[in-house]
Amino acid sequence: MKGLQDIKTAIDLYVDDTNTSALKVVDALHKYYFNKAVTAEIKLYKKKKKKVAEITKDLKISHRRFYKILEDKKVEFTKYNKTKEEEA
């Protein structure tokens with residue numbers, strides 16, 4: 001708990017120094033650490049060490065969101081089409 005108290009104190013000091021709210025600081029930290037975790041998982045995905053199901057379970061996000069992140073970062077992936085193509 002001492003570590004958490006130190007983090008709270010640091011955030012409070014930062015909020016006092018700058019003209020932002022504590023929620024904005026926490027949101028920015030969340031985005032930073034989420035992107036850091038996603039980048040690490042994408043590296044494992046590229047090396048084929050982890051599957052999408054494992055990654056989405058670890059990050060607690062949906063498959064669709066993970067595929068959207070892959071598209072945004074321009075990472076190649078295979079998308080399986082579940083609908084059958086009709087032959088004319």
Item to check | side-chain contact (heavy atoms from CB on, under 4.5 Å) assessment of I42 paired with F66 | outcome: CA-CA 10 Å; I42 288 175; F66 183 69; 4.3 Å; yes

Item to check | Between CG on residue N19 and NZ on residue K24, distance to nearest 0.5 Å | outcome: 8.5 Å

Next on the checklist: Tell me the closest heavy-atom pair linking F34 and L59, and the distance in Å.
Outcome noted: CE1-O, 4.4 Å

Checklist entry - Quick check: are there more than 12 heavy atoms from other residues, nucleotides or ligands sitting under 6.0 Å from NZ of K68? => result no

Item to check | Contact check, side chains of V15 and I11, non-hydrogen atoms, under 4.5 Å | outcome: yes

Next on the checklist: Tell me the closest heavy-atom pair linking R65 and I61, and the distance in Å.
Outcome noted: NH1-CG2, 3.6 Å

Item to check | Joint cluster assignment, V25 & Y32, ILVMFWY side-chain distance < 4.5 Å | outcome: yes

Item to check | Donor-acceptor pair, side chain of N35 and main chain of K31, under 3.5 angstrom | outcome: yes

Checklist outcome for this item: So CG of D27 and OG1 of T20: to nearest 0.5 Å the spacing works out to 11.5 Å

Checklist entry - At what distance, to the nearest 0.5 angstrom, does CG of L70 lie from CD1 of I55? => result 7.5 Å

Next on the checklist: Tell me which one of K51, K50, E54 satisfies side-chain contact (heavy atoms from CB on, under 4.5 Å) with L44.
Outcome noted: K50

Item to check | Test ring-ring contact (aromatic ring centres under 6.0 Å, His included) applied to F77 - qualifying residues, sequence neighbours left out | outcome: Y67

Checklist entry - If you group Ile, Leu, Val, Met, Phe, Trp and Tyr by side-chain heavy-atom gaps below 4.5 Å, do L29 and L4 land in one group? => result no

Checklist entry - Roughly how far apart are L13 CG and T18 OG1, rounded to 0.5 Å? => result 10.5 Å

